[in-house]
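Before any comments, here is the structure.
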Amino acid sequence: MTDPQDILVPDIGDFDHVDVIEVLVAAGDKVDVESPLITLESDKATMDIPSPVAGTVTEVRIAVGDQVSQGSLVAKVETSDLVSEAETPNAAVLEEASPRKDLESESGHDLPVSEHPNSTPPVVPRPPPSLPPTIESDVEPLPHASPAVRRFARELGADLSKLNGTGAYGRILKEDVTAFIKSMLSQGQGTDDSQGGFDLPKIPEVDFSRWGPVETEPLSRIKRISGRHLQRAWLNVPHVTHHDEADVTELEAFRKTLKQESAYSEVRITLLGFVIKALTSAMKTFPTINASLSSDGETLILKRYFNVGVAVDTKNGLLVPVLRDVDTKGILELAGELDDLSARAREGKLKPDEMQGGCISISSLGGIGGIGFTPIVNAPEVAILGVSRAQIKPRWDGNAFEPCLMLPLDFSYDHRVIDGAEAARVTAFIVSALEDSRRLLL
Ligand code: CAO
């Protein structure tokens, strides 16, 4: 061990007689190179004064409320022989350090004087590039907190704009951040059910009434729940959407024929029944689309059952009832089940377990309109098929353009599980199944 070294306020630019707003160490604390020792605040900026050496603080010579300038004694730090010169990036600065009297004459201030004239020369951290005092200008309206507290908050993912400071003039202290994190955890925020982590930049609150009359109404319960689920999926899943279209001219003609046959008059047959069947076939051929990632992201859970969720638009928001064992059912049965489930969804009569156990989802806006959209994967599922409105388009058959009924398909997938090429193959498979419905029998 060497004698304790004096740690002085380094060159802090044009600042003079700056208030000490925080003392971040006490005698006995171990510090590393760059550990903040004190925080200063002028009317223009706050800054941390870092330790230029690693070691143990033996004495702190500054208190909150003091005023300091370049050369003021901050603390004494006992460095170990091992780290004092060889390992600290400040070794060069130590050698270059101006003797105390130079400092006094340079600054012209009545600086605190070392009590040990024969001790190791004081460390005057004219900081090398790797060791600047952390200065944060107040040009941007930052929350009132020192850089050390901001760093602490950043490490814990706490949004300082949500905190009320208990320090002088409302300054946010380290204790305030700790209390905030504890209260977030006790409310279950930051867990799997959170709204996506509280370190997300917040959308600023705007008073719209400044520009005209407004009304405020609560979101429906379904919208609040599904919104949270959608946000979680959107933020957690790296989404890609693959677009394609299927020529369903023949399929639609077939569907219209069925609709006219009395044997099928009981059931409302729409294109969606065929799409569900084509998707089921794709799930069998491409098992990765019928899978989920384990929560640690290390393994893939492949499902050997085939359940398809179908998004249903209700007046209160989106619900996704699940058609079970779709591989064992025909198109008529699926159409009948879907009609029943969607009717009960709209009446608010679905049971919770009827919305569970899906393997993949379909979102069809075909009855409403649109040429395409990018559905959000219903995580922990890994894919969703969006269906938009079929419309007549000219298609080149090699000799001439033919009017064909083209059905737009939008296949969104979790790119951690499904590669782009695989997604293209899956979608092409669904397209060919819809273009030649005999394939649905395979
Ligand atoms: N192209 C052209 N016509 C279509 C079509 C398409 N892709 N899809 C449906 N249609 C037609 C149907 O054939 C039906 O016409 P007919 O009465 O002449 O047969 C009409 O549009 C209405 O269909 P529908 O929407 O009532 O029935 P569906 O089986 O296609 O869909 C359901 C059922 C529950 C999926 C749908 O009613 C619904 O709620 N869709 C909204 C889903 C949603 O909101 N998704 C967005 C979620 S955010 O990702």
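Counting starts at 1 for both ligands and their atoms, following the listed order.
- At a threshold of 4.0 Å, the pair E422-R425 does not count as salt-bridged, since none of the basic side-chain nitrogens sits closer than that to a carboxylate oxygen.
- Contact annotation: for L407 versus ligand 1, heavy atoms closer than 4.0 Å belong to the side chain alone.
- Of all atoms in ligand 1, listed by their number and element, those nearer than 4.0 Å to a heavy atom of L365 are 43 (C), 44 (O), 45 (N), 46 (C).
- For R389 (side chain) and G369 (main-chain N/O), no donor-acceptor pair under 3.5 Å exists by modelled atom type.
- Contact annotation for L318 and ligand 1: only side-chain heavy atoms (C-beta onward) come within less than 4.0 Å of the ligand.
- The shortest contact between atom 30 (O) of ligand 1 and any protein heavy atom is with T270 OG1, 3.8 Å.
- For R344, the side-chain hydrogen bond (donor to acceptor under 3.5 Å, both in side chains) criterion is met by D340, E354, not counting sequence neighbours.
- Salt bridge annotation for D247-R395: present, with a cationic side-chain nitrogen under 4.0 angstrom from a carboxylate oxygen.
- When each atom of ligand 1 is checked for a heavy atom of R255 under 4.0 Å away, the hits are 13 (O), 19 (O).
- Residue V60 is tested with L37, I7, V23 for a side-chain contact (heavy atoms from CB on, under 4.5 Å); the sole match is V23.
- Protein heavy atom nearest atom 25 (O) of ligand 1, with residue, atom name and distance: G367 CA, 3.8 Å.
- Under the 4.0 angstrom criterion, atom 21 (O) of ligand 1 counts as having a protein heavy-atom contact.
- The aromatic rings of H415 and Y413 sit perpendicular to each other, their planes meeting at more than 60°, with 30° as the lower class boundary.
- In the model, D410 has no side-chain atom that pairs as donor or acceptor with a side-chain atom of T241 under 3.5 Å.
- Scanning the protein for heavy atoms near atom 39 (O) of ligand 1, the closest one is R346 NH2, 2.7 Å.
- With a 6.0 Å radius and a threshold of 12 heavy atoms from other residues, nucleotides or ligands, I301 has its CD1 atom above the threshold.
- Only the backbone of S388 comes within 4.0 Å of ligand 1, counting heavy atoms alone; no side-chain atom from C-beta on gets that close.
- When Q391, R268, K256, K259 are ranked by how near their heavy atoms come to atom 16 (P) of ligand 1, first place goes to K259.
- Summary of contacts: the protein heavy atom closest to atom 4 (C) of ligand 1 is G366 O, 3.5 Å.
- Numbered from 1 in the order shown, with element, the atoms of ligand 1 that lie under 4.0 Å from a heavy atom of S364 read 40 (N), 41 (C), 42 (C).
- With hydrogens left out, the protein atom closest to atom 45 (N) of ligand 1 is S363 OG, 2.8 Å, a heavy atom.
- In terms of protein heavy-atom proximity, atom 31 (O) of ligand 1 is closest to L272 CD2, 3.6 Å.
- Comment: D414 engages R416 in a salt bridge, judged by a side-chain N to carboxylate O separation of less than 4.0 angstrom.
- Residue contacts with ligand 1, taken as heavy atom pairs separated by less than 4.0 Å, involve D313 via backbone and side-chain atoms alike.
- Each of L318, N378, I376, V320 was checked for a side-chain contact (heavy atoms from CB on, under 4.5 Å) with H229, and the lone residue meeting it is N378.
- Of all the atoms in ligand 1, the ones that sit under 4.0 Å from a non-hydrogen atom of V312 are 34 (C), 39 (O).
- Taking atom 2 (C) of ligand 1 as the reference point, the nearest protein heavy-atom neighbour is A390 N, 3.5 Å.
- At under 3.5 Å, not a single nitrogen or oxygen of S342, backbone or side chain, sits near a nitrogen or oxygen of ligand 1.
- The aromatic rings of F286 and F429 sit perpendicular to each other, their planes meeting at more than 60°, with 30° as the lower class boundary.
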